[in-house]
Amino acid sequence: MSFQNIAGNGHVKKILRLALQRRRVPNSLLFSGQEGVGKKKTALVLAKALNCLRETDDSCDVCDNCRAIDNGNFPDVIEIAPERDVIKVEQMPVIKQMAYLKPMIGRKRVFIVDRADKMTEESGNSVLKVLEEPPPFSHIILISDNQAFILPTIKSRCQTLNFLPVAKEEIEQALRDLGFEEEKARIMALLVRGNLERAKALDWDDIQQRRQEAWSLFLALIGQEGSSSFLRKFAFQRRNVVKEDLEQTLEFFSSFCRDLLLMKEGGPAGLLFNPDYERLLRETEPVLGLDQALRWLGLIDQAVTNLDRNLNTTLLISSFTSQVLG
Amino acid sequence: MRFSIKKDNILEELQLLQGIVEKRNTMPILANILVQAAGTEVELTGTDLEVGLKTHFEAQIDEPGAVTVSGKKIFEIVKSLPDGETVTFKEDKNLMMEVTAGESEFKILCLPKEDYPQVPEPKFGERISVPVDQFKTMIERVFFAIAQEQRYYLNGALMVLKNKSLELVSTDGHRLSYTAKAVDDLSLPKEIRVIVAKKTLSELRKYGGGSIEFDMDENNLFFRCGHRTLISRIIESKFPNFEAVIPKDNTNIAVLPREAFTNAIRRVSLLSAERSRGIKFTLEKNRIRLFSSNPEIGEARDKMEVDYNGAGLEIGFNSQYILDFLTTINSEKIRLELKDENSAALLRPETEEDVKSVYVLMPMKI
């Protein structure tokens with residue numbers, strides 16, 4: 001894995017490669033961005049590039065150092081991850097002490113703290129000193145998909161690189177490279193909202209089935225007669241049980257509405273998110289008016305945002321249903 | 001790989017290695033030691049992120065090879081065998097090491113040697129060497145004053161190598177211990193100043209016999225002692241300017257018999273405050289009085305005849321800090337050099353020994 005194998009986030013890769021060429025890679029870094037956009041991969045490639053025996057601004061993946069880092073057998077690259085969902089203060093001495101020791105076989109010591117937002121306040125405070133002024137041969141990379149939970153005192157000591165969700169086109173490309181047909185790749189890329197890792201883990205048959213289910217729920221909502229099926233499915237469950245499913249169902253709803261809008265405005269069929277549902281969509285087209293479809297789209301979007309904000313799902317679903325029906 | 005060796009010839013090496021291998025779980029393979037058999041010798045390597053040890057010895061080698069195996073387990077196995085037994089180590093390509101001795105048989109899972117990090121190789125070009133015994137004496141004299149704290153640069157002793165002399169210095173901010181030794185055949189193009197980690201020093205203390213050779217590269221220090229080579233990562237930092245700390249104009253000088261003084265301090269410290277261990281010393285002409293008190297327990301007094309002609313002084317010290325120094329030196333008498341009750345005191349043996357010692361101690365208010 002080298003920089004060019006990481007999909008998306010061209011701006012981050014460019015910054016890092018330039019820094020590598022100029023030998024001015026910041027010693028304290030914070031990689032921030034949603035899950036599945038390649039933060040950890042980028043950190044590992046950076047660690048390899050800093051120690052690579054052949055390349056200066058990328059990893060070659062064939063030299064001894066790159067291979068050892070890939071296998072987790074490189075003593076100068078140390079990864080720290082939460083144990084039972086917290087990074088405890090007891091895990092910190094590795095950074096605090098080892099950062100000041102010259103590297104053993106590589107050029108640089110690299111510490112990668114995965115899910116740094118899981119550091120306790122105590123853990124965070126104990127590494128402030130070393131983050132503030134790491135020795136020139138030590139790099140500390142904090143990785144987080146929830147920057148809000150990182151202490152401001154830590155944030156201010158790090159150079160932050162913001163990772164953006166991977167563009168749909170790049171995910172599509174990655175999926176096509178994995179052997180998915182174009183149409184499937186397009187549908188799947190849409191579902192994962194920039195999370196490349198999730199895209200790769202998706203199972204097409206599973207997706208088909210879920211979309212089918214979402215379609216029936218959608219029809220029920222439009223038809224208004226069996227609207228309680230949506231409520232029943234989601235409203236009275238525990239949040240952590242339904243969250244993922246609900247999120248995806250809403251995504252599907254959103255794609256159906258969007259396709260309906262496209263049809264109403266006479267857009268080309270090639271732009272459809274659900275080309276395989278074209279016929280079914282045409283059948284329902286008369287039921288949902290243009291204004292209504294637009295309103296739904298807004299409501300769905302709002303529901304997704306609220307779901308991210310940890311709102312009570314029962315209330316969220318009830319209010320969503322009453323609004324779309326009202 | 002297959003080789004045999006007497007238990008007693010390998011046990012000590014395994015014991016040293018098992019003290020070195022990684023205890024934290026940062027990199028599982030570092031809990032292993034690398035066993036390499038080739039020619040007539042077996043080489044064992046163990047390392048954590050800070051210090052590594054390479055040792056080799058003769059053995060009867062039937063089949064050369066290399067593999068890594070848990071340092072702790074192999075030590076425990078060999079240790080548990082009867083003394084004098086010949087132990088056979090065997091590993092085929094299946095990553096399972098068989099250890100047999102007498103009627104006992106063990107099989108331990110191994111990891112391939114390719115996964116083991118490469119431990120840097122020294123060259124020993126400069127030929128810098130010091131007798132082990134004296135080096136160990138020097139380590140003893142600075143070891144106790146090494147700090148165990150946030151300031152990483154104090155978590156080791158400074159080693160200064162110059163023409164014809166070797167110095168070690170340690171400090172924890174309250175006291176500073178300095179020791180030096182003349183090394184006649186030492187000639188260096190440039191003075192070397194490096195901080196040697198506490199763990200490295202504590203490992204070196206375990207070695208005996210012969211002399212210690214020293215070498216360094218950009219990242220590592222190497223100490224070779226007979227068939228063992230210790231590899232220590234350099235602590236990158238600036239050590240405090242210790243020369244400036246050693247007082248030059250302490251004119252009030254007392255000369256005390258070391259043993260009697262040590263015993264007096266021990267007695268009085270029994271009733272000193274538990275945390276500070278503070279004792280008050282009152283110096284008058286030819287006399288020193290010791291006093292400690294602890295409001296919860298009581299108080300203790302002692303006095304001694306000493307050789308003192310300076311001004312009358314009342315000064316407090318942490319008794320443990322003084323004892324640390326008094327118990328590591330051998331001279332019959334010591335000099336206590338003071339300026340006033342607020343300035344650093346200097347202690348040193350009255351007669352210069354082969355290994356020179358100076359101890360600087362900050363006073364405390366009591």
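Sequence lines set the chain letters: A, B, ... in the order given, protein chains first and strands last, and positions in each chain run from 1.
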Open item on the list: If I measure from the heavy atoms of chain A, does Asp48(B) come under 4.5 Å with its side chain, its backbone, both, or neither?
Closed with: backbone
Open item on the list: What part of Ser232(B) gets within 4.5 angstrom of chain A, counting heavy atoms only: side chain, backbone, both, or neither?
Closed with: neither
TODO: Check the surroundings of atom NZ in Lys72(B): do more than 12 heavy atoms from other residues, nucleotides or ligands lie under 6.0 Å from it?
DONE: no
TODO: Could you pull out all residues at least two apart from Ser165(B) that satisfy side-chain contact (heavy atoms from CB on, under 4.5 Å)?
DONE: Lys162(B), Glu167(B)
- [ ] Kindly state each residue pair satisfying salt bridge (Lys or Arg N to Asp or Glu O under 4.0 Å) with at least one member in residues 120-137 of chain A, sequence neighbours excluded.
- [x] Glu132(A)-Arg157(A)
Task: Residue-level contacts of residues 223-230 of chain B with chain A, using a heavy-atom cutoff under 4.5 Å - done: none
Open item on the list: Need one label for Arg67(A): side chain, backbone, both or neither, based on atoms under 4.5 Å from any heavy atom in chain B.
Closed with: neither
Open item on the list: Is Asp115(B) in contact with chain A via its backbone, its side chain, both, or neither, using a 4.5 Å heavy-atom distance?
Closed with: both
- [ ] Kindly indicate whether the side chain of Glu79(A), heavy atoms from C-beta on, has any atom under 4.5 Å from the side chain of Met27(B).
- [x] no
Task: Check: Val119(B) and Met104(A) side chains under 4.5 Å, non-hydrogen atoms - done: yes
Task: Proximity of residues 90-102 of chain A to chain B, residues having a non-hydrogen atom under 4.5 angstrom - done: Pro93(A), Val94(A), Lys96(A), Gln97(A), Met98(A), Tyr100(A), Leu101(A), Lys102(A)
TODO: Tell me, yes or no, whether the heavy-atom count around Glu218(B) atom CD, taken from other residues, nucleotides or ligands under 6.0 Å, exceeds 12.
DONE: no
Task: Residue pair Pro117(B) / Ile105(A), side-chain heavy-atom distance below 4.5 Å - done: yes
Task: Winner by heavy-atom pair count (cut-off under 4.5 Å) against chain B, out of Ile80(A), Asn73(A), Asp64(A) - done: Asn73(A)
Task: Structural part of Ile234(B) lying under 4.5 Å from a heavy atom of chain A - done: both
TODO: Verify the neighbour count for atom CD of Gln173(A): are there more than 12 heavy atoms of other residues, nucleotides or ligands below 6.0 Å?
DONE: yes
